[in-house]
Amino acid sequence: MSAAAPAAGPVADSPAGPRELSTGELAAVFVRLKLTLLRNGLHQSTARKTVFVISLVLAVLFAFAQLLGFVLGRDSDYVTTFGILYAAVLAGGWAVMPLFFPSGDETLDATRLVMLPLRPGPLVTALTAASLVGTGPLFTFCVLLGAGIGLAHSWAAVAVAIVAVPLALLGCIALARAVAAANIRLLTSRKGRDLAILSGLVIAVGLQGVNFAFQELGRSEDGFRALDPAADIAQWLPVASAISAVDATSDGAYGIAAAQLAITATALAALLLWWRRMLTRLMTTPDGSTLAAASEQETSGDSRLFRLLPGGRTGAVMQRALRYLWRDPKTKAGLVSGLALGAIIPLFYVLQGNGSIYLAAFATSMLGMQMYNQFGQDTSAFWMVLQTMSTPRDAYEELRARALALLLIALPYSILVTVAVAIAVDDLPGLPPALGITFAVLGAMLGTGAYGSARFPYSIPQDNAYKNVAPGQASLAWISLAGGGLLSALLVSPLIVALFLLDDARLWILLPAGVVYGPLLAWAGLRLAAPLTARRGPEILTAVSKG
């Protein structure tokens, strides 16, 4: 008879020899591990401990306020809609937040466990138990509990709520864990850090969406009843369907309640199975994200693209600037934020009925701001650029190439947004003057940005994902951005004045005027900035190296 295979799981000493930990014992170990990580994190500094305690107190108070609100609003006509939609929003938050804040919970990274003899099944249970420890799960539980109490109007509904609330909470946990496990290779790579930096963009866009939604509710004659169609859809989605089952039971629709509970339960089982498979893959598959072949393929693709650029210094500097835009996390975050917000803000005004074709210039200004502080993105490596700028002519070619690199993106983007806004507001006759003003704004910001980069350079910290200005240089950043923006507005003001003075039949003149005036402003700004850049090179290097 062959000997039994050794257990592939954590072991504990016993008189009879080593034994494998049970699933419950393993879960207890992971819960203690989570508590230890939290405790050790608080020991790092008093400031971190203070921030954690304050955030914990505020989160708990807000969670209990939500719970109390649901309890006191049990008889409200809107409690069902709010409860279902709140559950859906929580589920969406749990799915998205691990992608943007993977470092917020060290236990999200399952690759740290690959060297341990752990079975996928018990590991899923242990990680689920550890995931229930923290401020987020406590907040979610309080809100879901409040929704369950608010929607339960019979003893049968109370019984369903006792099942639905934990089921919905586990659904949120499993969703977050499965998404994190499926993307953990990305989240721990350079591209994952880029994704974390872009979380600010998602938050900004989300806030604009919330603002727009509340404004629409305020204008709606039906009030919060306008949310009913969204709740009708959300009640059949996992997690929210479990909370909706409580309301269905209160109404006596037991068949619908059973179906809605089954939807969340089925989704939970599928998520746990998916999570288990992802863990198995992580434990058994090597990470090939740094293979040389991938880098060679990426370099080859870049080379084909850069062959379209001009030769000489101009093409080399443009290539470097475009690589910064694509590969540097801070530069990429600024570019993507400008692209997204520049298009979203004008369209929000259009949807609100306050749109104007001239709002498209806002999109141009968002990208024009990328020209400011051109040398800050170089950090201490600017000394290499400085070696090639011994004359004002060299500095002019450097700044001109950087402006051309940004122009490759900003010009077609500005035209596209202007045309889109013109179609959205049904003002195609206003397209020529709007494009003229757009070209003037772009030229003005390229010129003032070049001058501001030389006059008010500042460092961009590389060790902090959410700081774009080094300590002590905030005033320089404000002067550069605000001063440059105000100067650009003054430079474009002749065309704006002409917009009000000319009659409709002559507004087309602004298009050729902008085509000529915009490049003239950019050329003048580059000419003024070139000798200043060559003269202040060492000072610029000192300023941009402080981060």
Side-chain angles (χ1 to χ4, degrees), residues 295-296 298-332 334-335 338 367-414 439 442-460 462 480 484 516 518-545:
S295 299
E296 293 173 0
E298 180 182 357
T299 303
S300 176
D302 288 348
S303 300
R304 288 192 295 269
L305 175 63
F306 293 142
R307 286 173 187 170
L308 302 176
L309 300 178
R313 181 187 182 116
T314 299
V317 175
M318 291 179 66
Q319 182 178 152
R320 180 190 350 118
L322 292 173
R323 288 186 186 275
Y324 273 143
L325 289 173
W326 178 247
R327 296 184 178 182
D328 181 64
K330 292 291 185 67
T331 309
K332 181 191 293 186
L335 176 65
L367 281 192
M369 291 174 61
Q370 308 304 313
M371 187 64 190
Y372 293 85
N373 195 36
Q374 276 292 306
F375 306 123
Q377 63 188 5
D378 296 336
T379 62
S380 58
F382 177 69
W383 74 270
M384 300 180 65
V385 179
L386 185 60
Q387 306 308 309
T388 67
M389 292 194 306
S390 58
T391 65
R393 179 64 185 177
D394 295 334
Y396 173 76
E397 292 180 352
E398 175 77 22
L399 290 169
R400 182 186 62 184
R402 293 186 184 227
L404 288 174
L406 181 58
L407 194 64
L408 286 178
I409 301 173
L411 183 59
Y413 171 79
S414 299
F439 295 151
L442 182 57
M445 299 200 75
L446 290 178
T448 57
Y451 187 84
S453 296
R455 175 61 69 182
F456 305 108
Y458 55 90
S459 179
I460 302 176
Q462 299 299 308
S480 177
V516 175
L520 180 63
L521 291 176
W523 174 83
L526 292 173
R527 282 295 182 185
L528 289 174
L532 183 64
T533 302
R535 186 172 64 251
R536 299 189 71 243
E539 299 176 40
I540 296 174
L541 175 61
T542 301
V544 301
S545 301

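Computed from a predicted model, the values in this text were never measured in an experiment.
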task = Would you name the heavy atoms of W383 and L541 that are closest together and state the gap between them?
result = N-CD1, 3.5 Å
Spatial distance of atom CZ (R400) from atom CG (L526) [nearest 0.5 Å] = 8.5 Å
key: Candidate pair Q370 and I409, rule side chain to side chain contact (heavy atoms under 4.5 Å, CB included), full reasoning   = CA-CA 11 Å; Q370 308 304 313; I409 301 173; over 6 Å; no
message = Between L399 and Y451, is there a side-chain heavy-atom distance shorter than 4.5 Å?
response = no
remark   = In short, L521 meets A444 closest at the heavy-atom pair CD1-CB, 3.7 Å
note = Looking only at heavy atoms, the pair that brings S545 and S380 closest together is OG-CA, 3.4 Å
query = Which heavy atom in A454 sits nearest to a heavy atom in A529, and how many Å separate them?
reply = CB-O, 4.2 Å
message = Within the 4.5 Å heavy-atom criterion, are F439 and L411 side-chain neighbours or not?
response = yes
ask   = So do the side chains of L442 and L407 get within less than 4.5 Å of each other, counting heavy atoms only?
value = yes
request  = Could you check if a side-chain atom of R320 sits within less than 4.5 angstrom of a side-chain atom of E398, using non-hydrogen atoms only?
outcome  = yes
note = Shortest non-hydrogen pair, R536 vs P457, comes out as NH1-CD, 3.9 Å
note = Separation between CZ (F375) and CG (L386), nearest 0.5 Å, reads 9.5 Å
remark   = When rounded to the nearest 0.5 Å, the distance separating CD of Q374 from CG of L446 is 9.5 Å
Side chains of S453 and R402, donor plus acceptor under 3.5 Å = no
ask   = Going through the distances and angles, do V317 and E397 end up as a side chain to side chain contact (heavy atoms under 4.5 Å, CB included)?
value = CA-CA 9 Å; V317 175; E397 292 180 352; over 6 Å; no
query = Can you tell me how far the CG atom of L406 sits from the CG atom of L325, to the nearest 0.5 Å?
reply = 7.0 Å
message = I need the F456 CZ to I540 CD1 distance, nearest 0.5 Å.
response = 12.0 Å
inquiry  = Using side chain to side chain contact (heavy atoms under 4.5 Å, CB included), reason through D378 and V544 one step at a time and then give a plain yes or no.
reply    = CA-CA 8 Å; D378 296 336; V544 301; 5.7 Å; no
Closest approach of S480 to G452 (non-hydrogen atoms, all atoms of both residues) = OG-O, 4.2 Å
inquiry  = Side chains of T533 and Y396 only: does a donor on one sit below 3.5 Å from an acceptor on the other?
reply    = no
